[in-house]
Asker: 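My questions will all concern the structure given below.
Read the numbers this way: they start at 1 and go in the same order the structure lists the ligands and their atoms.
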Amino acid sequence: MPRDPRYDILFEPVRIGSHLAKNRFFQVPHCNGMGTKYPRSMTAMRRMKAEGGWAVVCTEETEIDPTTDMSPLTEGRLWHDRDIPTYAAMVEGIHEHCALAGIELSHAGHRDANLYSREVPRSVGPYPVAAMSYPAQARRMDLADIRAYRMSHRAAAVRAMQAGFDIVYVYCRVSNTLNGMFLSAQYNDRSDEYGGSFANRLRLLREVLEETHSAIGHKCAVALRFTVDDLKAPDGTPLPEESRAVVEELAEMPDLWDVNVATWARDSLTSRFGPEGHQEDRISWVKPLTTKPVVGVGRFTSPDTMASQVRRGVVDFVGAARPSIADPFLPRKIEDGRIDDIRECIGCNICASADATMVPLRCTQNPTMGEEYRKGWHPEKVSRWSGGDESILIVGGGPTGLEAALTLARRGANVTLAEASDSFGGRVSRESRLPGLAEWARVRDWRLGQLQNHPNCALYLQSEIDADTALAFEATHILVATGASWRRDGTGRAHLRPISLDGTPVFTPDDLMAGRVPEGRVVIHDDDHYYMASVLAEVCAKAGCDVTLVTTAAEVAPFARATLEQELIERRMLEIGVRLIVKHRIEMARQGAVRLSHVNAAQIGAELPCDALVLVTSRASDDALYRALVAKAEQWEDHGVASVALAGDCDAPSTIAAAVYAGHRFARELDQTAESPELIREFF
Ligand code: ADP
Ligand code: SF4
């Protein structure tokens, strides 16, 4: 299909220094949990973006030398000439598809403790290390240290050029770069020529930009990544005029401005806390101040929003991290007029969690993300189904069942998907009706939309399947994807056995999602530690309940730190009047009250008045159908059944990303002959 002319503007080439980007799609730096620890995985992932049509593909933040060792995080590392081949391979993969390769050089100042290199941390001042509350401080850099940093940055830029990069970044953000820390009036209390006046605080950034340019400018474009709203006075008052002055002073120095907002949580804002294009108001002032191209981000998935931002002069490049993760082929799909095929990011930040958990990137929408190398998965290509006319019955139309059905259908297999309820989507449908989670429905909608192109997949609603029906269907393979239900008995992390709950109305998340909302004084007990308890607190608060959230963790929603939401969740709880009690578990409930105990000192606790108790503790797999089928194994052959499997939440409850991955994996591997296909490992 030809491209919609409305989007022609997105395919105009744009000059960046001496390089020409073939279109306006720009994969900005993003961490991926692979870096130089899993270099082949990282290379294959970046290469895939180039194949998908991105004009520019960048690395994540990349350490310039051992004085900025970001361990245990898995970031880029370009300390020595020995590191060049890793990056040369990545660049080659990107160039194969006529895209430009960018590298984000970085020195994180006192953010990290240099745990692997054991170099003394250094920064603008003698500040405590930020990461992990590590009990160490940085040394205040003297003039010799500053000179050494500048030379080191220059040397890393030269290595980047030798690796073949087209664009080399100078990075300036207060929280995680030396350039930003020196610029910041909050951190910079120096009395030498690098401190005091704005001009002095800007000196280091200016010098690094100049030196990068003079070292590699003949071959590479130099980009400046600048966080436009994190400069503050020593007392914390925002200094927007200083941010503006940075852009005015340096306007024409870089070949490209890559602008974003502070903090990382607000930069990579989840859909629960903000819509697509949410940065526009905060970055739009930059472009009028420079003739150089500007790239900005905003979880763009709609080509209309992208084209509108370019047309209105907000940005020159459509920057993307998450949309390029959810769909590495987004530009190509727009170009081919296949808008409905775009696998839209849902804004859940499971991808970002790979940074904190230090494992290869994963994505809720795109199960192939991070598996390009070790499993050889391509987001747009699947092998032909080798099972001939063998048919597959999938029971359960949640994310697992939908993904398995779609992938098998794409492979050309004969598939039937049976769902008991009157709509598809399972937990995704239920959860997307909760406050702030509407975009999660894209997991269902994209798959249902794609399935329309596959007449070899029959879809049935209101079809509850029991073991006899499943066998009578005479499919060759049966996949049970029947999900999980929230437990009503209090078992979870804190209680391995049911707790006594006499006389108190008990609700589960499933009850609330089905529209049964409690009344009065509601206690929510969170032993799950992710988003669910806080979202239900919002539901109850909106319904006029008096809400107390009791968590066994040290803070509300601790896993949401990994998805960058913890602080936003905590703030929201406080704003809507939810009382928070941390490090406590519920021991028992009785008429009108619950008894608490401290997780580390059980004798310390209290009684809380409670008209209704909401238990967000753990889920039980709905695997009865699977067990019934296994019990009838001797009948399989008579019905032509060769295999019965279970996957997703009914196997073991987990994230939606894990459910999608499980469905995808089943569909890819069902006809593989090896017992268990071996993962290609890079790291032993
Ligand atoms: P997952 O995340 O693994 O996909 P979900 O709980 O989201 O799990 O979805 C499971 C789906 O399976 C739900 O929509 C549920 O209605 C459906 N289901 C459960 N049991 C049966 C059954 N016996 N027959 C058909 N569908 C079922
Ligand atoms: Fe988007 Fe979630 Fe995928 Fe990240 S994990 S790219 S936020 S869908």
Side-chain angles (χ1 to χ4, degrees), residues 30-32 268-272 276 299-301 320-328 330 343-355 361-370 379 393-405 416-432 439-440 442-444 446-447 460-470 473 478-486 510 513 562-565 619-626 628-629 646-664 666:
H30 69 74
C31 21
N32 53 87
S268 296
L269 197 64
T270 56
S271 56
R272 182 173 172 191
E276 177 181 11
R299 215 174 69 245
F300 299 116
T301 55
R322 290 171 294 175
S324 76
I325 293 168
D327 197 337
L330 183 149
R343 206 185 301 100
E344 289 182 297
C345 167
I346 69 165
C348 63
N349 277 6
I350 281 293
C351 50
S353 76
D355 190 51
L361 187 54
R362 58 213 55 207
C363 167
T364 302
Q365 274 286 56
N366 175 11
T368 68
M369 179 45 61
L393 170 65
I394 299 173
V395 184
T400 307
L402 283 170
E403 176 63 24
T416 300
L417 177 62
E419 162 58 42
S421 71
D422 55 10
S423 60
F424 288 105
R427 64 179 291 190
V428 160
S429 295
R430 293 191 294 275
E431 293 181 27
S432 64
E439 281 188 23
W440 292 19
R442 291 173 173 178
V443 173
R444 171 198 65 207
W446 183 77
R447 286 167 179 79
Y460 294 100
L461 288 172
Q462 297 174 330
S463 304
E464 180 153 5
I465 306 287
D466 60 19
D468 291 332
T469 331
F473 197 80
I478 300 173
L479 173 66
V480 179
T482 45
S485 309
W486 285 93
D510 290 324
M513 288 189 278
T563 58
L564 314 176
E565 297 168 291
R619 285 176 287 159
S621 300
D622 292 332
D623 57 1
L625 172 61
Y626 176 76
L629 283 166
L646 83 172
D649 287 311
C650 76
D651 184 8
S654 182
T655 58
I656 299 169
V660 171
Y661 173 82
H664 192 81
F666 171 82

Asker: May I ask you to list the atoms of ligand 1 that are less than 4.0 angstrom from any heavy atom of Gly396?
Answerer: 11 (C), 12 (O), 17 (C), 26 (N)

Asker: Are any of the side-chain heavy atoms of Pro328 and Arg343 separated by less than 4.5 Å?
Answerer: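 Side-chain contact under 4.5 Å: yes.
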
Asker: With atoms numbered from 1 as shown, which atoms in ligand 1 lie under 4.0 angstrom from a non-hydrogen atom of Arg427?
Answerer: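 It comes down to these atoms of ligand 1: 2 (O), 5 (P), 7 (O).
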
Asker: Out of Cys363, Ala326, Ala352, Ala321, whose heavy atom sits nearest atom 3 (Fe) of ligand 2?
Answerer: Cys363

Asker: Under 4.0 Å from a heavy atom of Asp649: which atoms of ligand 1 are those, numbered in the order shown and with their elements?
Answerer: 1 (P), 2 (O), 3 (O), 8 (O)

Asker: Using heavy atoms and a threshold below 4.0 Å, how should the contact between Ala662 and ligand 1 be classified: side chain, backbone, both, or neither?
Answerer: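 Neither part.
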
Asker: Arg442 side chain to Cys345 main-chain N or O, any donor-acceptor pair under 3.5 Å?
Answerer: yes

Asker: Keeping the roles fixed (side chain from Asn366, backbone from Ile325), state whether a donor-acceptor pair exists under 3.5 Å.
Answerer: yes

Asker: Nearest 0.5 Å, what's the CG-CD distance between Asp422 and Gln462?
Answerer: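 Going from the CG atom of Asp422 to the CD atom of Gln462 covers 5.5 Å.
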
Asker: Determine whether a donor-acceptor pair (N or O, by modelled atom type, separation under 3.5 Å) exists between the side chain of Asp510 and the backbone of Trp486.
Answerer: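 Here the side-chain-to-backbone pair exists.
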
Asker: Could you list the atoms of ligand 1 found under 4.0 angstrom from a heavy atom of Ser463?
Answerer: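 Per the distance check, 24 (N), 25 (C).
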
Asker: With a 4.0 Å heavy-atom cut-off (strictly under), which part of Glu403 contacts ligand 1: side chain, backbone, both or neither?
Answerer: neither

Asker: State, yes or no, whether a side-chain contact exists between Pro653 and Ser621 at a heavy-atom distance under 4.5 Å.
Answerer: yes

Asker: Compare all side-chain heavy atoms of Glu403 with those of Val443 and state whether any distance is below 4.5 angstrom.
Answerer: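 Glu403 vs Val443: side chains apart.
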
Asker: Distance check, rounded to the nearest 0.5 Å: Thr301 atom OG1 versus Glu344 atom CD?
Answerer: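 Between Thr301 OG1 and Glu344 CD, I get 4.0 Å after rounding to 0.5 Å.
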
Asker: Hey, does Ala420 come in under 3.5 Å of ligand 1, counting only N/O atoms on both sides?
Answerer: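 So ligand 1 has an N or O lying under 3.5 Å from an N or O of Ala420.
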
Asker: Can you report which non-hydrogen protein atom sits closest to atom 23 (N) of ligand 1, along with the distance?
Answerer: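 Scanning the protein heavy atoms, the shortest distance from atom 23 (N) of ligand 1 goes to Ile465 O, 2.9 Å.
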
Asker: Heavy-atom contacts under 4.0 Å between Ala659 and ligand 1: side chain, backbone, both, or neither?
Answerer: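 Side chain only; the backbone of Ala659 stays clear of ligand 1.
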
Asker: Kindly confirm or rule out an N or O of Thr400 lying under 3.5 angstrom from an N or O of ligand 1.
Answerer: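 Between Thr400 and ligand 1 (N or O atoms, distance only) the closest approach is under 3.5 Å.
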
Asker: Using 2.8 Å as a strict upper limit, say whether an N, O or S atom of Cys351 approaches atom 2 (Fe) of ligand 2 that closely.
Answerer: no

Asker: For atom 9 (O) of ligand 1, find the nearest protein heavy atom and state the residue, atom name and distance (0.1 Å precision).
Answerer: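 Closest protein heavy atom to atom 9 (O) of ligand 1: Gly398 CA, 3.4 Å.
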
Asker: Purely on distance, is any nitrogen or oxygen of Val395 under 3.5 Å from one on ligand 1?
Answerer: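 In this structure, Val395 places no N or O atom under 3.5 Å from an N or O of ligand 1.
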
Asker: Which residue and atom name correspond to the protein heavy atom nearest atom 20 (N) of ligand 1, and how close is it?
Answerer: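 For atom 20 (N) of ligand 1, the nearest protein heavy atom comes out as Thr482 CG2, 3.2 Å.
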
Asker: Provide the number and element of each atom of ligand 1 under 4.0 Å from a heavy atom of Gly483.
Answerer: 5 (P), 6 (O), 8 (O), 10 (C)

Asker: Numbering the atoms of ligand 1 from 1, which are under 4.0 Å from a heavy atom of Ala481?
Answerer: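 Taking each heavy atom of Ala481 in turn, ligand 1 has 10 (C), 11 (C), 12 (O) under 4.0 Å.
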
Asker: Is the distance from atom 1 (Fe) of ligand 2 to some N, O or S atom of Cys345 under 2.8 Å?
Answerer: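 Checking Cys345: at least one N, O or S atom is under 2.8 Å.
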
Asker: Output, in order, the C-alpha distance, side-chain angles, deciding distance and verdict of side chain to side chain contact (heavy atoms under 4.5 Å, CB included) for Val480 and Cys650.
Answerer: CA-CA 8 Å; Val480 179; Cys650 76; 4.2 Å; yes

Asker: Can you sort out which atoms of ligand 1 are near Gly648, meaning under 4.0 Å from one of its heavy atoms?
Answerer: 3 (O)

Asker: Are the side chains of Val395 and Thr482 in touch, meaning some heavy atoms are under 4.5 Å apart?
Answerer: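 Answer yes - side chains close enough.
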
Asker: Using a 4.0 Å cutoff against the non-hydrogen atoms of Pro399, which atoms of ligand 1 qualify?
Answerer: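 Atoms satisfying the 4.0 Å criterion: 1 (P), 2 (O), 4 (O), 7 (O).
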
Asker: Quick one: does Gln365's side chain get under 4.5 Å of Asp327's, heavy atoms only?
Answerer: no

Asker: Tell me, with the steps shown, if Leu417 and Phe424 meet side chain to side chain contact (heavy atoms under 4.5 Å, CB included).
Answerer: CA-CA 10 Å; Leu417 177 62; Phe424 288 105; 3.8 Å; yes

